[in-house]
Chemist: 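Sharing a structure here in C-alpha coordinates format.
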There are 2 protein chains.
Amino acid sequence: MHHEFKDQAANAYRLEEQVGFLLRRASQRHLAIFAQMMPEITSTQFAALAKLCELGPTSQNALGRATGMDAATIKGVADRLRARDLITATPDPQDRRRHYLIPTEAGLALYARRAETGVAISDETLAPLSAREQATFLELLRKLC
Amino acid sequence: MHHEFKDQAANAYRLEEQVGFLLRRASQRHLAIFAQMMPEITSTQFAALAKLCELGPTSQNALGRATGMDAATIKGVADRLRARDLITATPDPQDRRRHYLIPTEAGLALYARRAETGVAISDETLAPLSAREQATFLELLRKLC
DNA sequence: CAAAATCCGTTTGTACACGAACAAGTCAGA
DNA sequence: TCTGACTTGTTCGTGTACAAACGGATTTTG
(Lines give C-alpha, C1' and ligand atoms only; values in the text may rest on other atoms or scores of the structure.)
Protein backbone atom coordinates (compact mmCIF):
# COMPACT_ATOMS: atom_id res chain seq x y z
CA MET A 1 0.00 0.00 0.00
CA HIS A 2 0.93 3.60 -0.24
CA HIS A 3 0.65 4.92 3.24
CA GLU A 4 3.90 3.41 4.47
CA PHE A 5 5.70 5.41 1.82
CA LYS A 6 3.72 8.44 2.75
CA ASP A 7 4.24 8.15 6.48
CA GLN A 8 7.89 7.35 6.15
CA ALA A 9 8.56 10.17 3.74
CA ALA A 10 6.34 12.60 5.62
CA ASN A 11 8.56 12.20 8.63
CA ALA A 12 11.47 13.40 6.58
CA TYR A 13 9.88 15.88 4.22
CA ARG A 14 7.31 18.53 4.95
CA LEU A 15 7.03 20.98 2.08
CA GLU A 16 6.08 23.87 4.34
CA GLU A 17 9.32 23.53 6.27
CA GLN A 18 11.71 23.53 3.32
CA VAL A 19 13.73 26.68 2.73
CA GLY A 20 13.09 26.53 -0.98
CA PHE A 21 9.35 26.62 -0.49
CA LEU A 22 9.54 29.49 1.98
CA LEU A 23 11.91 31.44 -0.24
CA ARG A 24 9.51 31.01 -3.15
CA ARG A 25 6.53 32.18 -1.09
CA ALA A 26 8.40 35.15 0.33
CA SER A 27 9.54 36.14 -3.16
CA GLN A 28 5.98 35.87 -4.42
CA ARG A 29 4.75 38.16 -1.68
CA HIS A 30 7.55 40.62 -2.32
CA LEU A 31 6.87 40.67 -6.07
CA ALA A 32 3.18 41.31 -5.41
CA ILE A 33 4.10 44.26 -3.20
CA PHE A 34 6.46 45.54 -5.87
CA ALA A 35 3.87 45.25 -8.61
CA GLN A 36 1.37 47.11 -6.48
CA MET A 37 3.65 49.94 -5.42
CA MET A 38 5.55 50.35 -8.71
CA PRO A 39 3.17 49.08 -11.42
CA GLU A 40 4.91 50.89 -14.27
CA ILE A 41 8.03 48.72 -14.23
CA THR A 42 9.12 45.22 -13.34
CA SER A 43 11.21 44.43 -10.30
CA THR A 44 13.91 42.94 -12.51
CA GLN A 45 13.88 45.83 -14.96
CA PHE A 46 14.08 48.35 -12.13
CA ALA A 47 17.03 46.48 -10.64
CA ALA A 48 18.88 46.56 -13.95
CA LEU A 49 18.05 50.23 -14.52
CA ALA A 50 19.10 51.19 -11.00
CA LYS A 51 22.39 49.36 -11.32
CA LEU A 52 23.04 50.94 -14.69
CA CYS A 53 22.35 54.43 -13.28
CA GLU A 54 24.77 53.67 -10.48
CA LEU A 55 27.52 52.25 -12.70
CA GLY A 56 27.20 54.46 -15.75
CA PRO A 57 27.96 53.01 -19.21
CA THR A 58 28.28 49.24 -18.87
CA SER A 59 28.31 46.35 -21.31
CA GLN A 60 25.24 44.15 -21.33
CA ASN A 61 26.90 41.07 -19.88
CA ALA A 62 28.67 43.12 -17.22
CA LEU A 63 25.35 44.58 -16.16
CA GLY A 64 23.97 41.07 -16.01
CA ARG A 65 26.81 40.02 -13.75
CA ALA A 66 26.27 43.04 -11.51
CA THR A 67 22.59 42.21 -11.11
CA GLY A 68 22.80 38.44 -10.97
CA MET A 69 21.24 37.73 -14.36
CA ASP A 70 22.79 35.40 -16.88
CA ALA A 71 23.50 36.48 -20.46
CA ALA A 72 20.22 35.22 -21.87
CA THR A 73 18.17 36.84 -19.12
CA ILE A 74 19.83 40.26 -19.22
CA LYS A 75 19.35 40.26 -22.99
CA GLY A 76 15.60 40.14 -22.61
CA VAL A 77 15.57 42.66 -19.80
CA ALA A 78 17.79 45.08 -21.75
CA ASP A 79 15.63 44.66 -24.86
CA ARG A 80 12.52 45.58 -22.91
CA LEU A 81 14.20 48.55 -21.26
CA ARG A 82 15.35 49.70 -24.69
CA ALA A 83 11.89 49.20 -26.16
CA ARG A 84 10.59 51.50 -23.42
CA ASP A 85 13.30 54.08 -24.07
CA LEU A 86 14.71 53.83 -20.57
CA ILE A 87 18.16 52.86 -21.82
CA THR A 88 20.11 53.06 -25.09
CA ALA A 89 23.02 51.11 -26.53
CA THR A 90 26.07 52.55 -28.27
CA PRO A 91 28.93 50.53 -29.74
CA ASP A 92 32.25 50.44 -27.90
CA PRO A 93 34.96 51.71 -30.29
CA GLN A 94 37.61 49.76 -28.36
CA ASP A 95 35.87 46.40 -28.59
CA ARG A 96 33.67 45.62 -31.54
CA ARG A 97 31.84 42.87 -29.67
CA ARG A 98 30.59 45.23 -27.03
CA HIS A 99 27.77 47.73 -26.75
CA TYR A 100 27.61 50.14 -23.87
CA LEU A 101 24.25 50.40 -22.23
CA ILE A 102 23.39 53.88 -21.00
CA PRO A 103 20.27 55.15 -19.23
CA THR A 104 18.25 57.72 -21.16
CA GLU A 105 16.96 60.91 -19.58
CA ALA A 106 13.66 59.11 -19.06
CA GLY A 107 15.47 56.19 -17.43
CA LEU A 108 17.48 58.43 -15.17
CA ALA A 109 14.35 60.37 -14.24
CA LEU A 110 12.41 57.21 -13.47
CA TYR A 111 15.20 55.97 -11.24
CA ALA A 112 15.52 59.30 -9.45
CA ARG A 113 11.76 59.53 -8.99
CA ARG A 114 11.25 55.94 -7.84
CA ALA A 115 14.34 54.99 -5.83
CA GLU A 116 12.52 56.02 -2.65
CA THR A 117 9.64 53.75 -3.58
CA GLY A 118 12.14 50.94 -3.98
CA VAL A 119 13.18 51.39 -0.38
CA ALA A 120 9.54 51.64 0.69
CA ILE A 121 8.87 48.32 -1.05
CA SER A 122 11.67 46.70 0.94
CA ASP A 123 10.22 48.17 4.12
CA GLU A 124 6.77 46.90 3.31
CA THR A 125 8.13 43.45 2.52
CA LEU A 126 9.89 43.36 5.88
CA ALA A 127 6.99 44.94 7.78
CA PRO A 128 5.96 41.71 9.55
CA LEU A 129 9.30 41.81 11.39
CA SER A 130 10.47 44.14 14.13
CA ALA A 131 13.41 46.44 13.39
CA ARG A 132 15.74 44.10 15.22
CA GLU A 133 14.39 41.06 13.39
CA GLN A 134 14.74 42.84 10.06
CA ALA A 135 18.42 43.45 10.68
CA THR A 136 18.96 39.85 11.72
CA PHE A 137 17.03 38.53 8.76
CA LEU A 138 18.94 40.60 6.22
CA GLU A 139 22.24 39.61 7.76
CA LEU A 140 21.41 35.91 7.55
CA LEU A 141 19.86 36.18 4.11
CA ARG A 142 23.00 37.84 2.81
CA LYS A 143 25.01 34.82 3.92
CA LEU A 144 22.85 32.56 1.78
CA CYS A 145 23.76 34.22 -1.53
CA MET B 1 23.98 66.74 -15.25
CA HIS B 2 23.32 63.26 -14.10
CA HIS B 3 25.38 62.78 -11.05
CA GLU B 4 23.11 64.74 -8.73
CA PHE B 5 20.35 62.29 -9.52
CA LYS B 6 22.72 59.44 -9.05
CA ASP B 7 24.19 60.61 -5.78
CA GLN B 8 20.85 61.54 -4.34
CA ALA B 9 19.22 58.28 -5.32
CA ALA B 10 22.24 56.21 -4.36
CA ASN B 11 21.88 57.43 -0.81
CA ALA B 12 18.41 55.96 -0.69
CA TYR B 13 18.68 52.89 -2.90
CA ARG B 14 21.40 50.30 -3.00
CA LEU B 15 20.35 47.26 -4.95
CA GLU B 16 22.51 44.90 -2.88
CA GLU B 17 20.68 45.90 0.29
CA GLN B 18 17.13 45.38 -0.95
CA VAL B 19 15.30 42.31 0.32
CA GLY B 20 13.97 41.53 -3.12
CA PHE B 21 17.43 41.34 -4.59
CA LEU B 22 18.71 39.14 -1.77
CA LEU B 23 15.67 36.88 -1.97
CA ARG B 24 16.23 36.47 -5.68
CA ARG B 25 19.91 35.63 -5.23
CA ALA B 26 19.21 33.19 -2.41
CA SER B 27 16.53 31.49 -4.51
CA GLN B 28 18.94 31.22 -7.40
CA ARG B 29 21.54 29.56 -5.23
CA HIS B 30 18.96 27.20 -3.79
CA LEU B 31 17.65 26.24 -7.22
CA ALA B 32 21.19 25.54 -8.40
CA ILE B 33 21.72 23.24 -5.42
CA PHE B 34 18.41 21.53 -6.14
CA ALA B 35 19.23 21.01 -9.82
CA GLN B 36 22.57 19.54 -8.88
CA MET B 37 21.32 17.19 -6.18
CA MET B 38 18.04 16.15 -7.87
CA PRO B 39 18.62 16.61 -11.59
CA GLU B 40 15.82 14.31 -12.67
CA ILE B 41 13.01 16.64 -11.56
CA THR B 42 12.30 20.30 -11.05
CA SER B 43 11.99 21.90 -7.65
CA THR B 44 8.46 23.00 -8.48
CA GLN B 45 7.43 19.63 -9.85
CA PHE B 46 8.84 17.86 -6.81
CA ALA B 47 6.94 20.20 -4.52
CA ALA B 48 3.67 19.48 -6.32
CA LEU B 49 4.33 15.74 -6.36
CA ALA B 50 5.27 15.68 -2.68
CA LYS B 51 2.16 17.58 -1.70
CA LEU B 52 -0.01 15.32 -3.81
CA CYS B 53 1.51 12.22 -2.18
CA GLU B 54 0.80 13.74 1.20
CA LEU B 55 -2.77 14.80 0.42
CA GLY B 56 -3.90 11.92 -1.78
CA PRO B 57 -6.41 12.57 -4.61
CA THR B 58 -6.74 16.34 -5.03
CA SER B 59 -8.18 18.59 -7.72
CA GLN B 60 -5.69 20.52 -9.79
CA ASN B 61 -6.60 23.95 -8.45
CA ALA B 62 -6.63 22.69 -4.88
CA LEU B 63 -3.14 21.29 -5.34
CA GLY B 64 -2.10 24.65 -6.70
CA ARG B 65 -3.47 26.37 -3.63
CA ALA B 66 -1.68 23.92 -1.36
CA THR B 67 1.63 24.58 -3.07
CA GLY B 68 1.29 28.30 -3.71
CA MET B 69 0.87 28.10 -7.48
CA ASP B 70 -1.87 29.89 -9.34
CA ALA B 71 -4.23 28.06 -11.71
CA ALA B 72 -2.18 28.78 -14.82
CA THR B 73 1.06 27.67 -13.19
CA ILE B 74 -0.21 24.43 -11.67
CA LYS B 75 -1.73 23.54 -15.03
CA GLY B 76 1.70 23.51 -16.65
CA VAL B 77 3.31 21.69 -13.74
CA ALA B 78 0.56 19.04 -13.68
CA ASP B 79 0.82 18.61 -17.46
CA ARG B 80 4.54 17.96 -17.20
CA LEU B 81 4.12 15.55 -14.29
CA ARG B 82 1.46 13.72 -16.29
CA ALA B 83 3.68 13.64 -19.38
CA ARG B 84 6.32 11.95 -17.25
CA ASP B 85 3.82 9.47 -15.80
CA LEU B 86 4.37 10.62 -12.24
CA ILE B 87 0.70 11.49 -11.75
CA THR B 88 -2.60 10.67 -13.44
CA ALA B 89 -5.96 12.41 -13.62
CA THR B 90 -9.38 10.80 -13.20
CA PRO B 91 -12.71 12.59 -13.44
CA ASP B 92 -14.67 13.31 -10.27
CA PRO B 93 -18.14 11.70 -10.64
CA GLN B 94 -19.61 14.20 -8.16
CA ASP B 95 -18.43 17.30 -10.01
CA ARG B 96 -18.06 17.20 -13.73
CA ARG B 97 -15.68 20.17 -13.79
CA ARG B 98 -13.15 18.44 -11.61
CA HIS B 99 -10.39 15.91 -12.19
CA TYR B 100 -8.65 14.25 -9.32
CA LEU B 101 -4.91 14.18 -9.60
CA ILE B 102 -3.31 11.02 -8.19
CA PRO B 103 0.34 10.01 -8.00
CA THR B 104 1.25 6.94 -10.05
CA GLU B 105 3.37 4.13 -8.65
CA ALA B 106 6.36 5.78 -10.29
CA GLY B 107 5.46 9.13 -8.70
CA LEU B 108 5.01 7.59 -5.28
CA ALA B 109 8.29 5.73 -5.65
CA LEU B 110 10.15 8.85 -6.73
CA TYR B 111 8.81 10.74 -3.75
CA ALA B 112 9.66 7.94 -1.33
CA ARG B 113 13.13 7.57 -2.80
CA ARG B 114 13.95 11.28 -2.93
CA ALA B 115 12.25 12.88 0.06
CA GLU B 116 15.48 12.50 2.01
CA THR B 117 17.35 14.29 -0.73
CA GLY B 118 14.82 17.10 -0.46
CA VAL B 119 15.77 17.56 3.16
CA ALA B 120 19.47 17.34 2.26
CA ILE B 121 18.95 20.11 -0.29
CA SER B 122 17.45 22.33 2.41
CA ASP B 123 20.40 21.53 4.66
CA GLU B 124 22.88 22.35 1.94
CA THR B 125 21.10 25.62 1.18
CA LEU B 126 21.28 26.60 4.84
CA ALA B 127 24.83 25.31 5.30
CA PRO B 128 26.41 28.81 5.50
CA LEU B 129 24.49 29.35 8.75
CA SER B 130 25.02 27.78 12.16
CA ALA B 131 22.26 25.57 13.57
CA ARG B 132 21.06 28.43 15.73
CA GLU B 133 21.09 30.86 12.82
CA GLN B 134 19.21 28.38 10.64
CA ALA B 135 16.40 28.16 13.16
CA THR B 136 16.22 31.94 13.47
CA PHE B 137 16.29 32.42 9.74
CA LEU B 138 13.50 29.93 9.07
CA GLU B 139 11.39 31.45 11.80
CA LEU B 140 11.75 34.95 10.36
CA LEU B 141 11.35 33.79 6.76
CA ARG B 142 8.10 32.08 7.67
CA LYS B 143 6.76 35.40 8.91
CA LEU B 144 7.36 36.96 5.51
CA CYS B 145 5.03 34.63 3.60
C1' DC C 1 53.07 34.88 -34.49
C1' DA C 2 49.64 31.32 -34.34
C1' DA C 3 46.68 28.40 -31.61
C1' DA C 4 43.93 28.07 -27.62
C1' DA C 5 41.20 29.98 -24.33
C1' DT C 6 37.91 33.62 -23.26
C1' DC C 7 34.59 36.76 -23.78
C1' DC C 8 30.63 39.19 -26.26
C1' DG C 9 26.13 39.00 -27.67
C1' DT C 10 22.54 36.04 -29.67
C1' DT C 11 19.28 32.22 -30.42
C1' DT C 12 16.63 28.08 -29.16
C1' DG C 13 14.28 25.31 -26.00
C1' DT C 14 12.31 24.46 -21.59
C1' DA C 15 10.15 25.78 -17.26
C1' DC C 16 8.04 28.75 -13.89
C1' DA C 17 4.81 32.75 -12.75
C1' DC C 18 0.96 35.80 -13.03
C1' DG C 19 -2.90 38.76 -15.05
C1' DA C 20 -6.84 38.49 -17.76
C1' DA C 21 -10.30 36.46 -20.07
C1' DC C 22 -13.38 32.46 -21.08
C1' DA C 23 -16.86 28.35 -21.14
C1' DA C 24 -18.89 25.13 -18.49
C1' DG C 25 -20.43 23.29 -14.13
C1' DT C 26 -22.26 24.07 -9.43
C1' DC C 27 -24.60 26.26 -5.78
C1' DA C 28 -27.11 29.77 -2.90
C1' DG C 29 -30.71 32.70 -2.32
C1' DA C 30 -34.69 35.33 -3.86
C1' DT D 1 -37.10 27.47 -9.81
C1' DC D 2 -34.24 30.35 -11.86
C1' DT D 3 -30.82 33.72 -11.71
C1' DG D 4 -26.59 35.44 -10.27
C1' DA D 5 -22.29 34.41 -7.97
C1' DC D 6 -18.82 31.36 -7.61
C1' DT D 7 -15.49 27.51 -8.94
C1' DT D 8 -12.87 24.51 -12.27
C1' DG D 9 -9.97 24.11 -15.71
C1' DT D 10 -8.14 26.33 -19.98
C1' DT D 11 -5.88 29.69 -23.07
C1' DC D 12 -3.22 33.83 -24.25
C1' DG D 13 0.22 37.17 -23.53
C1' DT D 14 4.18 38.82 -21.10
C1' DG D 15 8.18 38.43 -18.28
C1' DT D 16 11.83 36.11 -15.75
C1' DA D 17 15.43 32.24 -15.63
C1' DC D 18 18.83 28.97 -17.21
C1' DA D 19 21.24 25.39 -20.29
C1' DA D 20 23.31 24.80 -24.51
C1' DA D 21 24.96 26.03 -28.64
C1' DC D 22 26.75 29.45 -31.97
C1' DG D 23 29.78 33.07 -34.68
C1' DG D 24 32.64 36.62 -34.15
C1' DA D 25 36.08 39.45 -31.51
C1' DT D 26 39.77 39.63 -28.28
C1' DT D 27 43.24 38.03 -25.23
C1' DT D 28 46.38 34.64 -23.55
C1' DT D 29 49.87 31.60 -24.07
C1' DG D 30 52.98 28.51 -26.05
Side-chain angles (χ1 to χ4, degrees), chain A residues 20-21 23-36 38-49 57-84 86 89-101, chain B residues 20-21 23-36 38-49 57-84 86 89-101:
Chain A
F21 181 73
L23 283 172
R24 200 174 113 252
R25 304 289 281 142
S27 287
Q28 285 173 345
R29 177 166 159 274
H30 170 260
L31 290 174
I33 291 170
F34 195 104
Q36 203 220 320
M38 217 189 289
E40 76 270 38
I41 194 174
T42 285
S43 154
T44 312
Q45 288 172 29
F46 188 73
L49 176 62
T58 311
S59 80
Q60 186 173 283
N61 283 0
L63 182 60
R65 264 175 257 123
T67 51
M69 306 177 199
D70 82 346
T73 300
I74 192 65
K75 164 102 170 59
V77 174
D79 283 352
R80 286 181 283 274
L81 286 172
R82 231 155 18 103
R84 299 181 52 181
L86 296 171
T90 63
D92 177 350
Q94 257 72 52
D95 187 336
R96 270 186 298 163
R97 294 169 302 180
R98 225 175 292 200
H99 286 261
Y100 281 132
L101 299 183
Chain B
F21 181 73
L23 282 172
R24 201 175 114 253
R25 304 288 282 142
S27 286
Q28 285 173 347
R29 176 166 159 277
H30 171 259
L31 290 174
I33 291 169
F34 195 104
Q36 202 220 321
M38 218 190 288
E40 76 271 37
I41 195 174
T42 287
S43 154
T44 313
Q45 288 173 31
F46 188 72
L49 176 61
T58 311
S59 79
Q60 187 174 282
N61 284 0
L63 181 59
R65 264 175 257 125
T67 51
M69 308 177 199
D70 82 346
T73 300
I74 192 65
K75 163 94 167 65
V77 174
D79 283 352
R80 287 181 283 273
L81 285 172
R82 231 155 18 103
R84 300 180 53 181
L86 296 171
T90 63
D92 177 350
Q94 256 73 53
D95 186 337
R96 270 187 299 164
R97 295 169 300 181
R98 220 174 297 196
H99 287 260
Y100 281 134
L101 299 183

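Order of the sequence lines fixes the chain letters, A, B, ..., with proteins taken first and strands second; residue numbering starts at 1 for each chain.
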Chemist: Should B/Thr42 be listed as having a side-chain N or O under 4.0 Å from OP1 or OP2 of C/dC16?
Modeler: yes
Chemist: Nearest 0.5 angstrom please: B/Arg24 CZ to A/Thr67 OG1, how far?
Modeler: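 It comes to 6.0 Å.
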Chemist: Does the base of C/dC8 carry an N or O that pairs as donor and acceptor with the side chain of A/Arg98 under 3.5 Å?
Modeler: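 Counting by modelled atom types and ignoring angles, no donor-acceptor contact under 3.5 Å is found here.
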Chemist: Expressed in angstrom and rounded to an integer, what is the separation of A/Arg29 atom CZ from C/dC18 atom P?
Modeler: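 Taking atom P of C/dC18 as the reference, CZ of A/Arg29 is at 14 Å.
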Chemist: Could you give the CZ-to-P distance, from B/Phe46 to C/dA15, as a whole number of Å?
Modeler: 18 Å
Chemist: Measuring to OP1 and OP2 of C/dC16, would you say a side-chain N or O of B/Gln45 lies under 4.0 angstrom away?
Modeler: yes
Chemist: Nearest to the side chain of B/Asp95 - D/dG15, C/dT11, C/dG25?
Modeler: C/dG25
Chemist: For B/Gln60 and for A/Met69, locate the closest nucleotide of DNA chain D by heavy-atom distance; then report the residue assigned to the nucleotide nearer the 5' terminus.
Modeler: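 Nearest-nucleotide comparison on DNA chain D picks B/Gln60.
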Chemist: If you compare all heavy atoms of A/Ala78 against all heavy atoms of A/Leu101, which two are closest, and at what distance to 0.1 Å?
Modeler: CB-CD1, 4.1 Å
Chemist: Between the base of C/dT26 and the side chain of B/Arg97, is there any donor-acceptor pair under 3.5 Å?
Modeler: no
Chemist: So how far is it from B/Arg80 CZ to B/Leu86 CG, rounded to the nearest 0.5 Å?
Modeler: 12.5 Å
Chemist: For the pair B/Thr42 (side chain) and B/Gln45 (backbone), establish whether a donor and an acceptor sit closer than 3.5 Å, ignoring hydrogens and angles.
Modeler: no
Chemist: Whole-Å distance between C/dG19 C1' and A/Gln28 CD?
Modeler: 14 Å
Chemist: To the closest 0.5 Å, what do you measure between NE2 (B/His30) and CD1 (B/Ile33)?
Modeler: 7.0 Å
Chemist: Within this structure, what is the CZ-CG distance for the pair A/Arg98 and A/Asn61, rounded to the nearest 0.5 Å?
Modeler: 9.0 Å
Chemist: Using OP1 and OP2 only, check whether a side-chain N or O of A/Arg96 sits under 4.0 Å from C/dG9.
Modeler: no
Chemist: Could you give the NE2-to-P distance, from B/His30 to D/dC18, as a whole number of Å?
Modeler: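 To the nearest whole Å, that distance equals 14 Å.
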Chemist: Relative to the 5' end of DNA chain C, which residue comes earlier, B/Ala72 or B/Pro93, by the nucleotide with the nearest heavy atom?
Modeler: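 Nearer the 5' end of the strand: B/Ala72.
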Chemist: Can you check the B/Asp70 CG to D/dT14 C1' distance for me, whole Å?
Modeler: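 Interatomic distance, CG of B/Asp70 to C1' of D/dT14: 13 Å.
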Chemist: Look at all strands and tell whether A/Ser59 reaches a base, only sugar-phosphate, or nothing, counting heavy atoms closer than 4.0 Å.
Modeler: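 It contacts sugar-phosphate atoms only.
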Chemist: Using whole Å, report how far CG of A/Asp92 lies from P of C/dC7.
Modeler: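 Rounding to the nearest Å, CG of A/Asp92 and P of C/dC7 are 17 Å apart.
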Chemist: Taking only side-chain N and O atoms of A/Arg24, does any of them lie within less than 4.0 angstrom of OP1 or OP2 on C/dC16?
Modeler: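 No, A/Arg24 has no side-chain N/O under 4.0 Å of OP1/OP2 on C/dC16.
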Chemist: In whole Å, I'd like the distance from the NE2 atom of A/His99 to the C1' atom of C/dC7.
Modeler: 14 Å
Chemist: Check whether any side-chain N or O of B/Arg65 sits under 4.0 Å from OP1 or OP2 of D/dT8, and answer yes or no.
Modeler: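 Yes.
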Chemist: Quick one: B/Asn61 CG to C/dG25 C1', roughly how many Å, whole number?
Modeler: 13 Å
Chemist: Can you see if the side chain of B/Arg80 gets near the phosphate of C/dC16 - specifically, an N or O under 4.0 Å from OP1 or OP2?
Modeler: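 Checking B/Arg80 against C/dC16: at least one side-chain N or O falls below 4.0 Å of OP1 or OP2.
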Chemist: Heavy atoms only, 4.0 Å cut-off, all strands: where does A/Thr73 land among base, sugar-phosphate and nothing?
Modeler: base
